[in-house]
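From a predicted model like this one, the values you see are computed outputs, not experimental measurements.
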Amino acid sequence: MTLRPLALAALSCAFATLARTADLPATAPAKADDVRNRVAGKLAADYPALEKFYTDLHLHPELSLMEEKTSAKVAAELRAAGLEVTEKFGGFGVVGVLKNGAGPTLLIRTDLDGLPVQEETGLPYASQTRVTNLAGQEVSTMQACGHDIHMTVLTGTARMLAAMKDRWSGTLVFIGQPAEEIGVGARAMLTAGLYQKFPKPDYAIALHDSATLPTGTVGTVEGYIMANVDTMDITVRGIGGHGAFPHATKDPIVLAARIIGAFQTIVSRETRPVDPAVITVGSIHGGTKHNIIPNEVKLQLTLRSYSDAVRAHTIEAIRRICRGEAIAAGLPDELMPVITVKDDEFTPATYNDPVLTRRVRGALDRWLGKDNVRTIDPEMGGEDFSEFGRTLDKVPICLFRVGAVDPAKVAESQRTGVALPSLHSSRFAPLPEPTIKTGITALTAAALDLLAKK
Ligand SMILES: [Zn+2]
Ligand SMILES: [Zn+2]
């Protein structure tokens with residue numbers, strides 16, 4: 001396990017401190033260094049226990065909506081840190097509250113769930129776990145998105161801030177959110193009354209590990225960081241028959257092909273070039289045999305966008321094209337394609353509140369050094385952390401990335417052009433120690449800034 005990134009971070013931290021002393025009162029840097037030394041000291045002392053916790057979570061991943069043991073482990077850690085903990089809130093959600101006098105309320109979130117992936121990292125603590133999923137199938141599970149890193153960072157940050165109550169004032173709400181990977185857990189916790197039954201946050205922050213950033217670094221971006229995610233099913237209907245008598249049929253396979261071709265113009269010709277959108281047909285199934293024209297073809301789509309307007313336009317355009325192409329194929333009204341937008345699987349775009357994000361970034365710059373805080377590109381992936389900012393309360397939210405990759409591997413990938421294993425890959429192997437330490441330092445820095453004593 002390399003300590004190089006942390007050493008680098010410490011170095012740039014030292015430089016950042018030197019650079020700042022010029023424009024701060026003489027006492028300020030010494031005070032800031034005191035706090036950082038305290039955090040670094042506690043982190044070093046806590047790390048062996050944190051690594052044990054991480055390894056246990058990594059070995060035993062649970063799937064979305066099945067995070068019973070994982071949530072109990074997170075709850076136990078938060079309780080041990082001295083928080084008032086509620087379990088099984090909105091499914092297997094965990095809420096830990098730490099009150100410390102007057103001041104704002106800050107929500108910090110981790111997700112809990114693993115994925116149905118067979119781990120192929122070759123790590124000594126690689127998951128061998130197999131579970132029966134909710135559909136009754138036996139599958140391998142892996143923390144392939146690094147939510148075990150997030151849980152360890154969250155509980156480590158809770159320990160840190162509970163031990164530093166003299167340095168902040170306000171209320172902390174730590175949450176363990178289930179079912180992120182299927183985009184329903186945040187909504188379940190909010191619907192259960194997260195903002196009514198517990199202190200309502202003035203800010204909500206979260207981090208997610210990155211499979212491209214080196215350990216020791218973090219990445220932020222203001223505004224949109226993750227996309228609207230819509231899931232859509234389309235049944236293209238036709239009139240089946242013998243493959244040798246196509247003139248007596250309305251072939252849904254040809255029609256489905258035309259429809260998919262026409263979809264390509266929604267983004268390229270109908271959407272403003274500066275507005276991101278993605279339409280992917282990820283699955284197409286129709287027919288049973290070489291010489292039979294089937295009655296229907298089924299398509300499964302994922303749609304991505306940032307703005308509500310682009311989202312609405314994309315869905316409307318898909319409906320229009322499906323109907324238009326079916327009419328062009330000569331199908332009667334009762335055989336128009338059937339389109340289902342799965343509203344219960346919708347994940348809204350994650351919008352990083354610019355004011356909050358600038359403030360968090362300022363704290364990260366000071367604590368990690370500017371060279372270790374990168375401006376990252378927004379992505380078209382989805383993340384239901386967005387939900388915490390989408391209630392009527394309009395809580396400002398900020399999600400940032402923490403680098404999880406061995407810097408030597410990042411350099412090698414840049415040299416060879418061979419891509420690193422992505423999140424969700426069976427070979428995604430974050431480097432635990434520097435990633436966890438950087439994550440805890442980053443969340444602690446953000447919390448101490450947002451809940452600074454007046
Ligand atoms: Zn994921
Ligand atoms: Zn994730």
Q: Verify the neighbour count for atom CD of Glu296: are there more than 12 heavy atoms of other residues, nucleotides or ligands below 6.0 Å?
A: yes
Q: Going by the side-chain hydrogen bond (donor to acceptor under 3.5 Å, both in side chains) test, name the single residue among Arg109, Glu67, His150 that passes it with Gln177.
A: Arg109
Q: Could you tell me whether the side chain of Thr438 reaches within less than 4.5 Å of the side chain of Asn372, counting heavy atoms only?
A: no
Q: Please determine, by modelled atom types, if Arg361 and Thr375 share a side-chain donor-acceptor pair under 3.5 angstrom.
A: yes
Q: If you draw a 6.0 Å radius around CD in Gln128, do more than 12 non-hydrogen atoms from other residues or ligands fall strictly inside?
A: no
Q: Tell me yes or no: between the side chains of Arg130 and Ser140, is some donor less than 3.5 Å from an acceptor?
A: yes
Q: Does the pair Glu62/Lys69 count as a salt bridge with the N-to-O cut at 4.0 Å?
A: no
Q: If we count only N and O atoms by modelled type, under 3.5 Å, do the side chains of Asn228 and Ser305 hold a donor and an acceptor together?
A: yes
Q: Within the 3.5 Å criterion, strictly below it, is a donor on His424 or Ser422 matched to an acceptor on the partner's side chain?
A: no
Q: Answer yes if the ring centres of Tyr54 and His58 are under 6.0 angstrom apart, and no otherwise.
A: yes
Q: Determine, for Lys409 against Asp406, whether the closest basic-nitrogen to carboxylate-oxygen distance falls under 4.0 angstrom.
A: no
Q: Can you name the ring pair (Phe, Tyr, Trp, His ring centres under 6.0 Å) partners of Tyr224, sequence neighbours left out?
A: Tyr306, Tyr351
Q: Between Leu335 and Lys250, is there a side-chain heavy-atom distance shorter than 4.5 Å?
A: no
Q: When the ring planes of Phe245 and His242 are compared, do they come out parallel, tilted or perpendicular, using 30° and 60° as the limits?
A: perpendicular
Q: Knowing that exactly one of Leu106, Asp202, Thr105, Thr171 qualifies, which makes a side chain to side chain contact (heavy atoms under 4.5 Å, CB included) with Leu451?
A: Leu106
Q: If you compare all heavy atoms of Pro432 against all heavy atoms of Tyr125, which two are closest, and at what distance to 0.1 Å?
A: CG-OH, 3.2 Å
